[in-house]
Amino acid sequence: MQSTTAETRVQLNFKDWYASTRATADRPPLSPEEAQRPFARYYDEKIPPPDPAHFAMMHEPCDPARAIGPERLNDLLDPGELAVEIGWCNLPNGAGFIANRMVYPEVTAEMVDWWFAWHPLENLRYRIWYPPQHGGLMLSPEGRRRILDPSIPNREKNWGVVHHVTENCNCGMENIDIHFLSPQDFGFDMARWKEPYVSTFAGGFGWAVSVNKTDESITAPALMCHIFRQHPQGLEHRTRFWMGYRMSNGKPELTLPPGVAVPAAAVQGLARHNVCEFTRWGEFLPRIYREFGHSMVC
Amino acid sequence: MPIKLMAASRRRPGLTRAEYQRYLEFYHGTIARRERFRIRSYVQNHVIDGAFGVLEDATHQQVCERDAVVELQFDSFRDMLETLEPATPSAASQDGRFFADERTNVIVMAEEEEIPVPAPVPAFNPGLGIVQGVGALKVLLYIMRADEVFREDYYQYLREAHEHALQQSSYAREQLRRCVLNVRCRANDNDAAARKHFKMVDPPVYDLVMTQWYDTIEQAGAFRQYFEALRSYPRVFANWSKSFYLYTRQVVIIRDTPES
């Protein structure tokens, strides 16, 4: 039997959680209990803006001929750079493609593994990451049990776990169910899964739908890949999104109606959101890891 | 991966079940053969009997009659939409009103997951054993997720409950020839295309349909034993009052014999 801690007291059942997301989407002030959490002060920090030159690369779409589809996922294990490391576009089949690249001087792979396991345990942990657009995050009871299981290494805690996220990727607040997968289940070639090609990974597939869901709302699929490797200036983080794809029996499958493309505004919106949230992340992760990185609970 | 649309319907007012099933097989089925579009396979499951809710319920909490479940399988989501929403409305989409009470249809867009069974061929007469996992009685079990349970936990508990049920029910363990989970696909959660095609109004949502095959209707008791054991699993994952199962006879409308 799990002892009661702040990390377990926040657990809601699905019905109550879902009902709460409209209020969560309004990003209300911290509750008294949240305000008492030892990491609450990160919520009020000044959020660093993205590098203007970097952000400007998300203003216009890139050349789709230079982008890759998810069937070329393993190109990310090749040494060097791919044709598009920062940019977004619609692929010829209508899917949305996003690439982003950041280099963090003070971040390590261990910090990344810890963060992706630590942050889903409370709404506030997700909110401090990027307060302007992060509303909240809920795990299922079984997902929470896995994350809190001390016998599972941080790197593996999220494998098979769903993060029920409420966030705004510049097209309004959405509820996004992100199903995290192991690199193998995501489709990576494990024979090539080693340094210096890769240091760690967080990714999976998601389904996003408006918080103000109606009968006509579209639930949109996407594949999400955050892959990290060593770089002379620190840890290199390469993001890829393929919007419009779902994972079907272990393989990516385009899930758009014929003739339909993911709206460019949605692709650009997520691309810009990604640059902003990971600018903040790269700056505050080393600090928060020093304080809390020894454990899942605090 | 193939994707499948399962539509459970009941007969329109004024038809007997036999008249409905005759129309479904010989008229509607023939139209589908003529207008195949991108259908990979099309199977009708004609209902013989079934139960809705549980004995503890004082009254039914939902529509408590189904006369058939049709299963349309496609190679991809795009193929499915091209078939359900062709440029010109298909004859099949306009034919439903002649036999079904379309507003009360229940549809599930699903991906199949096979669960191995202990005895895919009967011990008393296995024949050559080349053909496995078939049976004349097909049971479709619609399991409504409990409102409080997250989908991912529901699927985990359901699998655990299935193992528990097989352990508890020796008759089902011997007689179950095949078991398939039809897991709801979230591609278009609102099933807009399917709703338009089947003209449903505010349908209930099922996250999973389990299909089981037994040799003949004589083995229905094996399923019943399994079902009671499934319900006895201690973790809460289902709303049994809004769940139901159907004993059916499978009628193949379109299915090409696999090459291998």
Side-chain angles (χ1 to χ4, degrees), chain A residues 11-19 93-95 138-146 158-164 174-181 204-210 213-222 244-260, chain B residues 1-4 37-38 74-87 109-114 144-160 181 183-197 200-203 205 207 235-239:
Chain A
Q11 182 68 58
L12 298 179
N13 69 40
F14 179 81
K15 186 180 179 184
D16 292 342
W17 163 76
Y18 188 74
N93 63 12
M138 182 55 65
L139 296 169
S140 76
E142 291 298 329
R144 187 174 304 277
R145 194 166 290 130
R146 181 176 172 87
N158 273 311
W159 296 359
V161 170
V162 181
H163 293 194
H164 298 271
E174 294 178 301
N175 285 325
I176 309 172
D177 296 342
I178 307 172
H179 299 243
F180 281 81
L181 298 173
F205 62 96
W207 294 95
V209 65
S210 169
K213 181 177 183 289
T214 69
D215 251 11
E216 296 300 316
S217 296
I218 291 169
T219 303
Y245 278 88
R246 78 180 197 282
M247 205 54 103
S248 173
N249 199 25
K251 291 197 163 42
E253 184 182 313
L254 186 68
T255 309
L256 293 172
V260 170
Chain B
M1 183 183 184
I3 192 162
K4 174 201 261 193
F37 293 104
R38 294 185 176 275
F74 304 89
D75 283 335
S76 69
F77 179 71
R78 290 173 84 106
D79 283 357
M80 186 179 75
L81 287 189
E82 283 184 7
T83 301
L84 294 177
E85 292 186 325
M109 189 191 299
E111 292 171 303
E112 288 189 351
E113 182 184 323
E114 190 93 25
M144 175 71 77
R145 175 171 55 85
D147 286 344
E148 297 78 14
V149 179
F150 285 79
R151 282 188 192 89
E152 60 269 30
D153 289 358
Y154 162 81
Y155 292 125
Q156 177 183 326
Y157 297 158
L158 181 279
R159 287 182 177 88
E160 292 170 4
L181 299 184
V183 178
R184 180 180 178 79
C185 174
R186 294 196 60 194
N188 197 343
D189 253 351
N190 293 309
D191 301 310
R195 280 194 195 201
K196 283 174 186 159
H197 183 90
M200 297 175 301
V201 177
D202 198 20
V205 174
D207 288 306
R235 286 186 188 274
V236 173
F237 65 97
N239 178 343

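Throughout, protein chains are lettered first and strands after them, A, B, ... in sequence-line order, and every chain is numbered starting at 1. Every heavy atom of this structure was used, including side-chain atoms; hydrogens, water molecules and symmetry mates were not.
Contacts between A:H164 and chain B at a heavy-atom distance below 4.5 Å involve the side chain alone, from C-beta outward. Contact of A:P221 with chain B is not made at all, since no heavy-atom distance falls under 4.5 Å. For A:D177, the part sitting under 4.5 Å from any heavy atom of chain B is the side chain, from C-beta outward, and nothing else. With a threshold of 4.5 angstrom between heavy atoms, A:L12 approaches chain B through N, CA, C or O but not through any side-chain atom. Using a 4.5 Å cut-off between heavy atoms, B:E148 touches chain A through backbone and side chain atoms alike.
Under the 4.5 Å side-chain criterion, counting only non-hydrogen atoms from C-beta, A:P257 is not in contact with B:E85.
A cation-pi geometry, defined here as NZ or CZ lying under 6.0 Å from the six-membered ring centre and within 45° of its normal, does not hold between B:R186 and A:F205.
Taking CG from A:N249 and CD from B:E113, the interatomic distance works out to 9.0 Å, rounded to the nearest 0.5 Å. Atom CD of B:E160 is separated from atom CD of A:E142 by 6.5 Å, given to the nearest 0.5 angstrom. Rounded to the nearest 0.5 angstrom, A:L254 CG and B:R78 CZ are separated by 5.0 Å.
Here A:P141 pairs with A:Q11, B:F150, B:D153 under the side-chain contact (heavy atoms from CB on, under 4.5 Å) rule; sequence neighbours left out.
For A:E253 (side chain) and B:F77 (main-chain N/O), a donor-acceptor pair under 3.5 Å exists by modelled atom type.
The minimum heavy-atom distance between B:C185 and A:W207, with the atom names listed, is SG-CH2, 4.5 Å.
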